Protein chains: 2
Amino acid sequence: MAKLQEFFGAACTVDNVIFGFDEGDLKILLIKRGEEPFSDEWALPGHFVYPSEDLENAAVRVLEEMTGLHNVFLEQVHTFGEANRHPFGRVITVAYFSLIKIADYKLQPAGIAKKAKWVPISEVNNLPFDHSEILEACFQMLKRLVRTRPVGFELLPPKFTLTELQHLYEAILEVSLDKRNFRKKILSMNLLIDLNESQEGVAHRPARLFSFDKGKYQEFLSDGFNFEVKESKSKSKMRVSTSTS
Amino acid sequence: MAKLQEFFGAACTVDNVIFGFDEGDLKILLIKRGEEPFSDEWALPGHFVYPSEDLENAAVRVLEEMTGLHNVFLEQVHTFGEANRHPFGRVITVAYFSLIKIADYKLQPAGIAKKAKWVPISEVNNLPFDHSEILEACFQMLKRLVRTRPVGFELLPPKFTLTELQHLYEAILEVSLDKRNFRKKILSMNLLIDLNESQEGVAHRPARLFSFDKGKYQEFLSDGFNFEVKESKSKSKMRVSTSTS
DNA sequence: TCAAAAGTGTTCTTATTACACCCATGG
DNA sequence: CCATGGGTGTAATAAGAACACTTTTGA
(Lines give C-alpha, C1' and ligand atoms only; values in the text may rest on other atoms or scores of the structure.)
Protein backbone atom coordinates (compact mmCIF):
# COMPACT_ATOMS: atom_id res chain seq x y z
CA MET A 1 0.00 0.00 0.00
CA ALA A 2 1.36 3.32 -1.02
CA LYS A 3 1.76 6.09 1.49
CA LEU A 4 -0.45 9.11 1.21
CA GLN A 5 2.45 11.33 0.15
CA GLU A 6 3.12 9.26 -2.92
CA PHE A 7 -0.24 10.15 -4.40
CA PHE A 8 0.48 13.87 -4.41
CA GLY A 9 2.87 13.98 -7.32
CA ALA A 10 0.51 14.49 -10.21
CA ALA A 11 -0.31 17.56 -12.26
CA CYS A 12 -3.62 18.53 -13.79
CA THR A 13 -4.16 20.47 -16.98
CA VAL A 14 -7.12 21.68 -18.95
CA ASP A 15 -7.38 21.51 -22.73
CA ASN A 16 -9.94 23.48 -24.59
CA VAL A 17 -11.59 22.80 -27.92
CA ILE A 18 -12.87 26.19 -29.01
CA PHE A 19 -15.44 25.91 -31.77
CA GLY A 20 -16.37 28.68 -34.14
CA PHE A 21 -18.46 28.84 -37.31
CA ASP A 22 -17.32 30.87 -40.26
CA GLU A 23 -17.77 30.77 -44.01
CA GLY A 24 -19.98 27.73 -43.69
CA ASP A 25 -17.30 25.77 -41.90
CA LEU A 26 -17.05 24.53 -38.36
CA LYS A 27 -13.60 25.48 -37.11
CA ILE A 28 -11.50 25.12 -34.01
CA LEU A 29 -8.81 27.35 -32.62
CA LEU A 30 -5.31 25.90 -32.52
CA ILE A 31 -2.26 27.42 -30.91
CA LYS A 32 1.39 27.14 -31.79
CA ARG A 33 3.03 25.80 -28.68
CA GLY A 34 5.75 27.99 -27.18
CA GLU A 35 7.14 25.41 -24.77
CA GLU A 36 8.35 21.89 -24.61
CA PRO A 37 7.17 19.30 -25.16
CA PHE A 38 6.05 19.62 -28.78
CA SER A 39 7.29 23.20 -28.99
CA ASP A 40 6.28 24.95 -32.25
CA GLU A 41 3.65 22.36 -33.04
CA TRP A 42 -0.01 23.26 -33.45
CA ALA A 43 -2.06 21.95 -30.56
CA LEU A 44 -5.19 22.54 -28.55
CA PRO A 45 -4.92 25.49 -26.20
CA GLY A 46 -4.45 24.38 -22.62
CA HIS A 47 -2.55 24.99 -19.45
CA PHE A 48 -1.71 23.58 -16.06
CA VAL A 49 -4.22 24.11 -13.30
CA TYR A 50 -2.65 26.24 -10.59
CA PRO A 51 -2.31 24.63 -7.16
CA SER A 52 -5.12 26.60 -5.60
CA GLU A 53 -7.20 27.26 -8.66
CA ASP A 54 -10.60 25.65 -9.21
CA LEU A 55 -10.60 23.33 -12.18
CA GLU A 56 -13.36 25.15 -14.00
CA ASN A 57 -11.62 28.42 -13.43
CA ALA A 58 -8.54 27.14 -15.20
CA ALA A 59 -10.65 26.37 -18.24
CA VAL A 60 -12.17 29.84 -18.17
CA ARG A 61 -8.74 31.37 -17.80
CA VAL A 62 -7.34 29.56 -20.82
CA LEU A 63 -10.38 30.50 -22.84
CA GLU A 64 -10.19 34.16 -21.91
CA GLU A 65 -6.47 34.33 -22.60
CA MET A 66 -7.03 32.83 -26.01
CA THR A 67 -10.04 34.80 -27.10
CA GLY A 68 -10.32 37.84 -24.86
CA LEU A 69 -13.99 36.93 -24.46
CA HIS A 70 -15.95 36.56 -21.24
CA ASN A 71 -19.10 34.65 -20.37
CA VAL A 72 -18.57 32.16 -23.12
CA PHE A 73 -20.36 28.84 -23.38
CA LEU A 74 -18.03 26.30 -21.81
CA GLU A 75 -18.67 22.74 -20.81
CA GLN A 76 -16.58 19.92 -19.45
CA VAL A 77 -16.39 16.89 -21.69
CA HIS A 78 -14.06 14.18 -20.51
CA THR A 79 -10.90 13.58 -18.54
CA PHE A 80 -7.93 11.83 -20.05
CA GLY A 81 -5.61 10.14 -17.63
CA GLU A 82 -3.52 7.51 -19.30
CA ALA A 83 -0.44 7.09 -17.14
CA ASN A 84 2.04 7.92 -19.89
CA ARG A 85 0.15 10.49 -21.87
CA HIS A 86 2.60 13.28 -21.01
CA PRO A 87 6.38 12.93 -21.27
CA PHE A 88 7.14 15.18 -18.28
CA GLY A 89 5.36 13.17 -15.63
CA ARG A 90 1.94 12.23 -14.45
CA VAL A 91 -0.40 14.74 -16.05
CA ILE A 92 -4.13 14.29 -16.13
CA THR A 93 -6.02 16.57 -18.45
CA VAL A 94 -9.62 17.66 -18.35
CA ALA A 95 -11.09 18.49 -21.73
CA TYR A 96 -13.54 21.37 -22.14
CA PHE A 97 -15.24 22.65 -25.18
CA SER A 98 -16.53 26.10 -25.83
CA LEU A 99 -18.52 27.86 -28.49
CA ILE A 100 -17.75 31.35 -29.63
CA LYS A 101 -18.81 33.76 -32.32
CA ILE A 102 -15.81 34.10 -34.56
CA ALA A 103 -16.86 37.64 -35.44
CA ASP A 104 -16.38 38.65 -31.78
CA TYR A 105 -13.02 36.96 -31.69
CA LYS A 106 -11.86 38.91 -34.69
CA LEU A 107 -12.33 42.16 -32.85
CA GLN A 108 -9.69 41.22 -30.32
CA PRO A 109 -6.20 42.73 -30.41
CA ALA A 110 -3.84 40.64 -32.44
CA GLY A 111 -1.44 39.79 -29.63
CA ILE A 112 -2.24 36.15 -29.66
CA ALA A 113 -3.22 36.06 -33.29
CA LYS A 114 0.30 35.37 -34.49
CA LYS A 115 0.40 32.07 -32.68
CA ALA A 116 -3.24 31.05 -33.07
CA LYS A 117 -5.28 30.02 -36.08
CA TRP A 118 -8.74 28.79 -36.95
CA VAL A 119 -8.75 25.47 -38.72
CA PRO A 120 -11.77 23.79 -40.32
CA ILE A 121 -12.41 20.70 -38.33
CA SER A 122 -12.09 18.49 -41.37
CA GLU A 123 -8.54 19.71 -41.91
CA VAL A 124 -7.18 19.16 -38.44
CA ASN A 125 -4.78 16.28 -38.12
CA ASN A 126 -1.70 15.09 -36.33
CA LEU A 127 -2.18 16.91 -33.08
CA PRO A 128 0.38 16.23 -30.35
CA PHE A 129 -0.27 14.36 -27.09
CA ASP A 130 -3.69 12.71 -27.18
CA HIS A 131 -5.22 15.89 -28.56
CA SER A 132 -6.76 14.14 -31.54
CA GLU A 133 -8.68 11.93 -29.19
CA ILE A 134 -9.71 14.95 -27.15
CA LEU A 135 -10.92 16.75 -30.24
CA GLU A 136 -12.92 13.73 -31.31
CA ALA A 137 -14.60 13.49 -27.90
CA CYS A 138 -15.50 17.17 -27.98
CA PHE A 139 -16.84 16.98 -31.49
CA GLN A 140 -19.03 14.05 -30.54
CA MET A 141 -20.24 16.04 -27.55
CA LEU A 142 -21.12 18.97 -29.77
CA LYS A 143 -23.07 16.67 -32.08
CA ARG A 144 -25.02 15.36 -29.15
CA LEU A 145 -25.59 18.81 -27.75
CA VAL A 146 -26.89 20.35 -30.94
CA ARG A 147 -29.86 18.03 -30.83
CA THR A 148 -30.89 18.97 -27.33
CA ARG A 149 -29.85 22.56 -26.83
CA PRO A 150 -30.17 25.68 -28.96
CA VAL A 151 -26.48 25.84 -29.56
CA GLY A 152 -26.69 28.09 -32.59
CA PHE A 153 -27.04 31.08 -30.37
CA GLU A 154 -23.46 30.74 -29.23
CA LEU A 155 -21.93 30.30 -32.64
CA LEU A 156 -23.82 32.67 -34.89
CA PRO A 157 -23.70 36.47 -34.99
CA PRO A 158 -26.64 38.33 -33.44
CA LYS A 159 -28.42 38.55 -36.77
CA PHE A 160 -28.44 35.60 -39.12
CA THR A 161 -30.41 34.03 -41.92
CA LEU A 162 -32.21 30.72 -41.75
CA THR A 163 -29.86 29.33 -44.34
CA GLU A 164 -26.88 30.21 -42.18
CA LEU A 165 -28.50 28.44 -39.26
CA GLN A 166 -29.19 25.41 -41.40
CA HIS A 167 -25.61 25.33 -42.63
CA LEU A 168 -24.45 25.41 -39.03
CA TYR A 169 -26.51 22.35 -38.22
CA GLU A 170 -25.27 20.63 -41.34
CA ALA A 171 -21.66 21.37 -40.48
CA ILE A 172 -22.01 20.05 -36.97
CA LEU A 173 -24.03 16.98 -37.83
CA GLU A 174 -22.24 16.29 -41.10
CA VAL A 175 -25.46 15.70 -42.98
CA SER A 176 -27.52 17.69 -45.41
CA LEU A 177 -30.99 18.74 -44.39
CA ASP A 178 -34.17 19.51 -46.24
CA LYS A 179 -34.66 23.25 -46.37
CA ARG A 180 -38.42 23.28 -45.95
CA ASN A 181 -38.51 20.76 -43.16
CA PHE A 182 -35.71 22.49 -41.34
CA ARG A 183 -37.45 25.84 -41.47
CA LYS A 184 -40.78 24.42 -40.45
CA LYS A 185 -39.27 22.75 -37.43
CA ILE A 186 -37.04 25.54 -36.22
CA LEU A 187 -39.74 28.17 -36.66
CA SER A 188 -42.30 26.08 -34.83
CA MET A 189 -40.13 26.25 -31.71
CA ASN A 190 -40.72 29.97 -31.34
CA LEU A 191 -37.07 30.35 -30.62
CA LEU A 192 -36.39 32.86 -33.35
CA ILE A 193 -37.39 36.48 -33.73
CA ASP A 194 -38.06 37.72 -37.23
CA LEU A 195 -36.30 41.06 -37.35
CA ASN A 196 -38.11 42.25 -40.50
CA GLU A 197 -34.76 43.13 -41.95
CA SER A 198 -33.00 41.77 -44.98
CA GLN A 199 -29.51 41.13 -46.09
CA GLU A 200 -28.01 43.86 -48.24
CA GLY A 201 -25.62 43.76 -51.12
CA VAL A 202 -25.98 40.11 -51.99
CA ALA A 203 -26.17 39.07 -55.62
CA HIS A 204 -29.42 37.19 -55.14
CA ARG A 205 -32.72 37.59 -53.39
CA PRO A 206 -31.84 38.92 -49.92
CA ALA A 207 -32.70 36.72 -46.99
CA ARG A 208 -34.65 37.77 -43.93
CA LEU A 209 -32.64 38.21 -40.78
CA PHE A 210 -33.49 36.56 -37.49
CA SER A 211 -32.18 36.65 -33.95
CA PHE A 212 -32.64 34.31 -31.02
CA ASP A 213 -35.30 34.98 -28.43
CA LYS A 214 -33.24 35.16 -25.28
CA GLY A 215 -36.10 34.21 -23.00
CA LYS A 216 -37.00 31.11 -24.97
CA TYR A 217 -33.34 30.33 -25.27
CA GLN A 218 -32.82 30.25 -21.52
CA GLU A 219 -35.87 28.05 -21.21
CA PHE A 220 -34.49 25.57 -23.70
CA LEU A 221 -31.05 25.74 -22.08
CA SER A 222 -32.40 24.42 -18.82
CA ASP A 223 -35.21 22.18 -20.10
CA GLY A 224 -33.60 21.04 -23.30
CA PHE A 225 -35.50 20.29 -26.46
CA ASN A 226 -35.59 17.55 -28.96
CA PHE A 227 -34.26 18.52 -32.32
CA GLU A 228 -34.25 15.21 -34.05
CA VAL A 229 -33.02 15.58 -37.57
CA LYS A 230 -32.71 12.97 -40.18
CA GLU A 231 -30.45 13.35 -43.15
CA SER A 232 -32.42 14.39 -46.20
CA LYS A 233 -32.91 11.46 -48.50
CA SER A 234 -32.15 13.07 -51.82
CA LYS A 235 -28.63 14.36 -51.46
CA SER A 236 -26.23 13.06 -48.90
CA LYS A 237 -23.24 14.94 -47.65
CA MET A 238 -20.06 13.19 -46.74
CA ARG A 239 -17.44 14.43 -44.40
CA VAL A 240 -14.58 15.36 -46.62
CA SER A 241 -11.13 15.35 -45.23
CA THR A 242 -9.20 17.84 -47.27
CA SER A 243 -6.13 17.48 -45.17
CA THR A 244 -2.90 16.56 -46.85
CA SER A 245 0.01 15.14 -44.95
CA MET B 1 4.58 32.44 -13.68
CA ALA B 2 4.84 29.29 -11.63
CA LYS B 3 7.65 26.85 -12.16
CA LEU B 4 6.91 23.51 -13.67
CA GLN B 5 7.64 21.71 -10.42
CA GLU B 6 4.92 23.54 -8.57
CA PHE B 7 2.24 21.97 -10.72
CA PHE B 8 3.17 18.44 -9.73
CA GLY B 9 1.72 18.43 -6.24
CA ALA B 10 -1.80 17.25 -6.88
CA ALA B 11 -3.47 13.92 -6.31
CA CYS B 12 -6.16 12.29 -8.38
CA THR B 13 -8.90 10.00 -7.13
CA VAL B 14 -11.79 8.15 -8.69
CA ASP B 15 -15.23 7.90 -7.13
CA ASN B 16 -17.71 5.36 -8.30
CA VAL B 17 -21.48 5.46 -8.21
CA ILE B 18 -22.48 1.81 -8.49
CA PHE B 19 -26.11 1.40 -9.44
CA GLY B 20 -28.17 -1.71 -8.85
CA PHE B 21 -31.85 -2.51 -9.15
CA ASP B 22 -33.59 -4.62 -6.56
CA GLU B 23 -37.08 -4.93 -5.15
CA GLY B 24 -38.30 -2.31 -7.55
CA ASP B 25 -35.83 0.24 -6.26
CA LEU B 26 -32.84 1.86 -7.84
CA LYS B 27 -30.01 1.61 -5.33
CA ILE B 28 -26.40 2.60 -5.00
CA LEU B 29 -23.58 0.97 -3.11
CA LEU B 30 -22.14 2.97 -0.23
CA ILE B 31 -19.08 2.13 1.80
CA LYS B 32 -18.22 2.91 5.39
CA ARG B 33 -14.97 4.79 5.21
CA GLY B 34 -12.05 3.24 7.07
CA GLU B 35 -9.72 6.21 6.88
CA GLU B 36 -9.60 9.89 7.54
CA PRO B 37 -11.04 12.19 6.53
CA PHE B 38 -14.65 11.35 7.30
CA SER B 39 -13.71 8.01 8.83
CA ASP B 40 -16.73 5.82 9.66
CA GLU B 41 -19.06 7.86 7.49
CA TRP B 42 -20.95 6.32 4.58
CA ALA B 43 -19.56 7.56 1.28
CA LEU B 44 -19.14 6.67 -2.36
CA PRO B 45 -16.48 4.05 -2.94
CA GLY B 46 -13.33 5.56 -4.35
CA HIS B 47 -9.56 5.58 -4.13
CA PHE B 48 -6.46 7.42 -5.15
CA VAL B 49 -5.12 6.76 -8.61
CA TYR B 50 -1.67 5.19 -8.32
CA PRO B 51 1.23 7.15 -9.81
CA SER B 52 1.62 4.90 -12.82
CA GLU B 53 -1.91 3.63 -13.12
CA ASP B 54 -4.21 4.60 -15.98
CA LEU B 55 -7.18 6.59 -14.78
CA GLU B 56 -9.74 4.21 -16.17
CA ASN B 57 -7.93 1.32 -14.60
CA ALA B 58 -8.26 2.90 -11.18
CA ALA B 59 -12.02 3.03 -11.65
CA VAL B 60 -12.07 -0.62 -12.69
CA ARG B 61 -9.94 -1.54 -9.71
CA VAL B 62 -12.23 0.17 -7.21
CA LEU B 63 -15.24 -1.44 -8.82
CA GLU B 64 -13.75 -4.91 -8.73
CA GLU B 65 -12.63 -4.53 -5.15
CA MET B 66 -16.09 -3.48 -4.17
CA THR B 67 -18.11 -6.02 -6.08
CA GLY B 68 -15.79 -8.82 -7.10
CA LEU B 69 -17.27 -8.47 -10.58
CA HIS B 70 -15.42 -8.12 -13.86
CA ASN B 71 -16.40 -6.66 -17.21
CA VAL B 72 -18.96 -4.41 -15.69
CA PHE B 73 -20.57 -1.46 -17.44
CA LEU B 74 -18.52 1.55 -16.41
CA GLU B 75 -18.53 5.06 -17.78
CA GLN B 76 -16.84 8.30 -16.88
CA VAL B 77 -19.20 11.08 -15.95
CA HIS B 78 -17.54 14.23 -14.72
CA THR B 79 -14.47 15.53 -12.97
CA PHE B 80 -14.71 17.58 -9.81
CA GLY B 81 -11.80 19.85 -9.12
CA GLU B 82 -12.72 22.61 -6.74
CA ALA B 83 -9.48 23.71 -5.12
CA ASN B 84 -10.62 23.04 -1.57
CA ARG B 85 -12.82 20.01 -2.01
CA HIS B 86 -10.48 17.74 -0.01
CA PRO B 87 -9.03 18.68 3.38
CA PHE B 88 -5.70 16.89 2.84
CA GLY B 89 -4.53 18.82 -0.18
CA ARG B 90 -5.22 19.31 -3.81
CA VAL B 91 -7.27 16.32 -4.85
CA ILE B 92 -9.13 16.16 -8.12
CA THR B 93 -11.67 13.39 -8.44
CA VAL B 94 -13.05 11.76 -11.53
CA ALA B 95 -16.55 10.36 -11.14
CA TYR B 96 -17.55 7.12 -12.81
CA PHE B 97 -20.78 5.29 -12.71
CA SER B 98 -21.39 1.62 -13.20
CA LEU B 99 -24.34 -0.69 -13.53
CA ILE B 100 -24.42 -4.12 -11.96
CA LYS B 101 -26.86 -6.92 -11.38
CA ILE B 102 -27.39 -6.98 -7.64
CA ALA B 103 -28.06 -10.72 -7.79
CA ASP B 104 -24.50 -11.28 -9.02
CA TYR B 105 -23.14 -9.06 -6.30
CA LYS B 106 -24.92 -11.08 -3.63
CA LEU B 107 -23.00 -14.18 -4.62
CA GLN B 108 -19.74 -12.57 -3.60
CA PRO B 109 -17.99 -13.53 -0.38
CA ALA B 110 -19.04 -11.28 2.43
CA GLY B 111 -15.61 -9.80 3.13
CA ILE B 112 -16.55 -6.33 2.11
CA ALA B 113 -20.20 -6.74 2.96
CA LYS B 114 -19.75 -5.60 6.54
CA LYS B 115 -18.64 -2.19 5.42
CA ALA B 116 -20.83 -1.82 2.35
CA LYS B 117 -24.56 -1.44 1.88
CA TRP B 118 -27.09 -0.86 -0.84
CA VAL B 119 -29.17 2.24 -0.33
CA PRO B 120 -32.23 3.24 -2.35
CA ILE B 121 -31.29 6.38 -4.17
CA SER B 122 -34.17 8.29 -2.64
CA GLU B 123 -32.81 7.59 0.85
CA VAL B 124 -29.25 8.72 0.30
CA ASN B 125 -28.34 11.93 1.99
CA ASN B 126 -25.56 13.81 3.68
CA LEU B 127 -22.64 12.26 1.89
CA PRO B 128 -19.20 13.59 2.78
CA PHE B 129 -16.95 15.63 0.48
CA ASP B 130 -18.84 16.69 -2.64
CA HIS B 131 -20.24 13.19 -3.00
CA SER B 132 -23.84 14.37 -3.09
CA GLU B 133 -23.02 16.47 -6.10
CA ILE B 134 -21.22 13.54 -7.69
CA LEU B 135 -24.19 11.27 -7.11
CA GLU B 136 -26.53 13.80 -8.63
CA ALA B 137 -24.35 14.11 -11.74
CA CYS B 138 -24.23 10.33 -12.13
CA PHE B 139 -27.96 9.96 -11.66
CA GLN B 140 -28.60 12.58 -14.31
CA MET B 141 -26.23 10.73 -16.60
CA LEU B 142 -28.10 7.50 -16.03
CA LYS B 143 -31.37 9.23 -16.87
CA ARG B 144 -29.91 10.48 -20.07
CA LEU B 145 -28.40 7.14 -20.91
CA VAL B 146 -31.55 5.11 -20.38
CA ARG B 147 -33.20 6.93 -23.25
CA THR B 148 -30.45 6.16 -25.73
CA ARG B 149 -28.95 2.85 -24.70
CA PRO B 150 -30.44 -0.49 -23.66
CA VAL B 151 -29.26 -0.10 -20.13
CA GLY B 152 -31.62 -2.65 -18.64
CA PHE B 153 -29.37 -5.44 -19.74
CA GLU B 154 -26.79 -4.40 -17.19
CA LEU B 155 -29.14 -4.04 -14.26
CA LEU B 156 -31.59 -6.92 -14.60
CA PRO B 157 -30.99 -10.63 -14.10
CA PRO B 158 -30.68 -12.78 -17.23
CA LYS B 159 -34.38 -13.59 -17.16
CA PHE B 160 -36.91 -10.94 -16.33
CA THR B 161 -40.52 -9.97 -16.90
CA LEU B 162 -41.74 -7.01 -18.87
CA THR B 163 -43.13 -5.51 -15.71
CA GLU B 164 -39.74 -5.69 -14.05
CA LEU B 165 -38.23 -3.93 -17.04
CA GLN B 166 -40.92 -1.29 -16.91
CA HIS B 167 -40.36 -0.74 -13.21
CA LEU B 168 -36.67 -0.28 -13.90
CA TYR B 169 -37.42 2.46 -16.40
CA GLU B 170 -39.85 4.05 -13.98
CA ALA B 171 -37.31 3.98 -11.16
CA ILE B 172 -34.62 5.58 -13.27
CA LEU B 173 -36.80 8.19 -14.93
CA GLU B 174 -38.95 8.83 -11.86
CA VAL B 175 -42.16 8.71 -13.84
CA SER B 176 -44.89 6.17 -14.27
CA LEU B 177 -45.45 4.69 -17.69
CA ASP B 178 -48.41 3.25 -19.51
CA LYS B 179 -48.13 -0.53 -19.53
CA ARG B 180 -49.46 -1.14 -23.01
CA ASN B 181 -47.49 1.61 -24.65
CA PHE B 182 -44.33 0.57 -22.91
CA ARG B 183 -44.68 -3.02 -24.05
CA LYS B 184 -45.54 -2.08 -27.60
CA LYS B 185 -42.49 0.11 -27.86
CA ILE B 186 -39.96 -2.14 -26.22
CA LEU B 187 -41.14 -5.20 -28.12
CA SER B 188 -41.06 -3.37 -31.43
CA MET B 189 -37.33 -2.89 -30.99
CA ASN B 190 -36.66 -6.61 -31.35
CA LEU B 191 -34.29 -6.32 -28.46
CA LEU B 192 -35.97 -8.94 -26.31
CA ILE B 193 -36.16 -12.69 -26.66
CA ASP B 194 -39.32 -14.37 -25.47
CA LEU B 195 -38.08 -17.38 -23.54
CA ASN B 196 -41.45 -19.14 -23.53
CA GLU B 197 -41.07 -19.63 -19.83
CA SER B 198 -43.16 -18.34 -16.99
CA GLN B 199 -42.65 -17.24 -13.46
CA GLU B 200 -43.42 -19.90 -10.89
CA GLY B 201 -44.88 -19.71 -7.44
CA VAL B 202 -46.39 -16.26 -7.69
CA ALA B 203 -49.81 -15.62 -6.26
CA HIS B 204 -51.19 -14.32 -9.51
CA ARG B 205 -51.06 -15.07 -13.18
CA PRO B 206 -47.42 -15.88 -13.91
CA ALA B 207 -45.58 -13.51 -16.22
CA ARG B 208 -43.62 -14.52 -19.29
CA LEU B 209 -39.85 -14.34 -19.00
CA PHE B 210 -37.63 -12.51 -21.44
CA SER B 211 -33.95 -12.06 -21.98
CA PHE B 212 -31.97 -9.55 -24.01
CA ASP B 213 -30.81 -10.37 -27.51
CA LYS B 214 -27.08 -9.89 -27.19
CA GLY B 215 -26.55 -9.21 -30.86
CA LYS B 216 -29.20 -6.50 -31.01
CA TYR B 217 -27.92 -5.19 -27.72
CA GLN B 218 -24.41 -4.65 -29.06
CA GLU B 219 -25.88 -2.94 -32.08
CA PHE B 220 -27.84 -0.53 -29.92
CA LEU B 221 -24.84 0.00 -27.67
CA SER B 222 -22.81 1.40 -30.52
CA ASP B 223 -25.56 3.04 -32.60
CA GLY B 224 -27.83 4.12 -29.77
CA PHE B 225 -31.59 4.19 -30.01
CA ASN B 226 -34.28 6.63 -29.18
CA PHE B 227 -36.43 5.54 -26.34
CA GLU B 228 -38.50 8.62 -25.84
CA VAL B 229 -40.99 8.10 -23.10
CA LYS B 230 -43.59 10.42 -21.83
CA GLU B 231 -45.04 10.15 -18.39
CA SER B 232 -48.41 8.46 -18.50
CA LYS B 233 -51.16 11.03 -18.17
CA SER B 234 -53.45 9.28 -15.71
CA LYS B 235 -51.30 8.62 -12.70
CA SER B 236 -48.16 10.54 -11.95
CA LYS B 237 -45.38 9.33 -9.75
CA MET B 238 -43.40 11.70 -7.64
CA ARG B 239 -39.92 11.16 -6.37
CA VAL B 240 -40.41 10.50 -2.69
CA SER B 241 -37.61 11.23 -0.33
CA THR B 242 -38.11 8.95 2.62
CA SER B 243 -34.93 10.02 4.26
CA THR B 244 -35.08 11.32 7.78
CA SER B 245 -32.29 13.38 9.23
C1' DT C 1 -31.57 38.06 -69.03
C1' DC C 2 -28.97 35.17 -66.29
C1' DA C 3 -27.12 33.21 -62.10
C1' DA C 4 -27.79 32.45 -57.34
C1' DA C 5 -29.94 31.72 -53.35
C1' DA C 6 -34.58 32.74 -50.87
C1' DG C 7 -38.89 31.38 -49.92
C1' DT C 8 -43.02 28.60 -49.65
C1' DG C 9 -47.44 23.95 -48.84
C1' DT C 10 -49.24 19.64 -49.23
C1' DT C 11 -49.60 14.79 -49.03
C1' DC C 12 -48.19 10.60 -47.11
C1' DT C 13 -46.44 7.86 -43.62
C1' DT C 14 -45.08 6.72 -39.13
C1' DA C 15 -44.95 7.21 -34.22
C1' DT C 16 -47.25 8.42 -30.07
C1' DT C 17 -50.90 8.80 -27.04
C1' DA C 18 -55.03 7.65 -24.39
C1' DC C 19 -57.70 4.29 -22.62
C1' DA C 20 -60.47 -0.60 -19.96
C1' DC C 21 -61.34 -5.16 -19.56
C1' DC C 22 -60.50 -10.26 -19.12
C1' DC C 23 -56.96 -13.91 -17.60
C1' DA C 24 -54.26 -17.14 -14.74
C1' DT C 25 -52.63 -18.35 -10.47
C1' DG C 26 -52.15 -19.16 -5.19
C1' DG C 27 -54.13 -18.77 -0.92
C1' DC D 1 -63.96 -17.14 -4.71
C1' DC D 2 -61.07 -13.48 -4.03
C1' DA D 3 -56.94 -10.77 -4.43
C1' DT D 4 -53.11 -9.87 -7.28
C1' DG D 5 -50.69 -8.60 -11.01
C1' DG D 6 -50.46 -10.28 -16.26
C1' DG D 7 -51.81 -9.53 -20.61
C1' DT D 8 -54.02 -7.43 -24.68
C1' DG D 9 -55.97 -3.66 -29.22
C1' DT D 10 -57.78 0.32 -31.36
C1' DA D 11 -58.81 4.91 -32.65
C1' DA D 12 -57.26 9.67 -32.63
C1' DT D 13 -53.56 12.76 -32.92
C1' DA D 14 -49.15 14.55 -33.79
C1' DA D 15 -44.73 14.57 -35.88
C1' DG D 16 -41.73 13.64 -39.56
C1' DA D 17 -40.44 12.93 -44.42
C1' DA D 18 -40.68 13.59 -49.29
C1' DC D 19 -40.91 16.67 -52.77
C1' DA D 20 -40.58 21.39 -57.03
C1' DC D 21 -41.50 25.62 -58.40
C1' DT D 22 -41.65 30.87 -58.11
C1' DT D 23 -39.35 35.16 -56.33
C1' DT D 24 -35.93 38.72 -55.73
C1' DT D 25 -31.75 40.70 -56.33
C1' DG D 26 -27.02 42.16 -58.53
C1' DA D 27 -24.14 41.65 -62.20
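As the structure is a prediction and not an experimental result, all values here were calculated from the model. We name chains A, B, ... by the order of the sequence lines, and we start the count at 1 in each one.
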Whole-Å distance, B:Leu177 CG to C:dA18 P, equals 12 Å
A:Glu200 atom CD is separated from C:dA6 atom C1', nearest whole Å, by 16 Å
Practice prompt. Respond yes when some side-chain nitrogen or oxygen of B:Arg183 is under 4.0 Å from OP1 or OP2 of D:dG7, and no when none is.
Written response: yes
Result for side-chain contact (heavy atoms from CB on, under 4.5 Å) between A:Phe210 and one of A:Leu165, A:Leu192, A:Leu195 points to A:Leu192
Sorted by chain and number, sequence neighbours left out, side-chain hydrogen bond (donor to acceptor under 3.5 Å, both in side chains) with B:Arg208 holds for B:Asp194, B:Asn196
D:dG6 phosphate, OP1 or OP2: any side-chain N/O from B:Thr163 under 4.0 angstrom? yes
With respect to the phosphate group of D:dG16, does any side-chain polar atom (N or O) of A:Lys185 fall under 4.0 Å of OP1 or OP2?
yes
ask   = Looking only at N and O atoms, is any donor in the side chain of A:Lys184 or the base of C:dT10 less than 3.5 Å from an acceptor on the other one?
value = yes
From the candidates D:dT25, D:dG7, D:dT4, the one with an atom nearest any side-chain atom of A:His204 is D:dT25
Atom NZ of B:Lys179 and atom P of C:dT16 are separated, to the nearest Å, by 21 Å
Testing D:dT23, C:dA24, C:dC19 for proximity to the side chain of A:Arg205, the answer is D:dT23
**Q.** Side-chain heavy atoms of A:Leu44 within contact of A:Ile31, under 4.5 Å
**A.** no
- Under 30°, 30 to 60°, or over 60°: which ring-plane class applies to B:Trp118 and B:Tyr105, parallel, tilted or perpendicular? perpendicular
With a 3.5 Å cut-off and heavy atoms only, can you find an N or O donor on one side and an acceptor on the other between the side chain of B:Arg180 and the base of C:dA20? yes
Distance check: side-chain N/O of B:Arg208 vs OP1/OP2 of D:dG6, anything under 4.0 Å?
no
Checklist entry - Is the gap between the ring centers of B:Phe212 and B:Phe160 under 6.0 Å? => result yes
With the side chain defined as heavy atoms from C-beta on, A:Ala203 is closest, among C:dC19, D:dA27, D:dA17, to D:dA27
B:Glu164 atom CD is separated from D:dG5 atom P, nearest whole Å, by 13 Å
Rounded to whole Å, the CD1-C1' distance (B:Ile186 to D:dG7) equals 17 Å
Mind checking if A:Thr161 touches a base, just sugar-phosphate, or nothing, with heavy atoms under 4.0 Å? nothing
Rounded to whole Å, the CZ-C1' distance (A:Phe182 to D:dA15) equals 17 Å
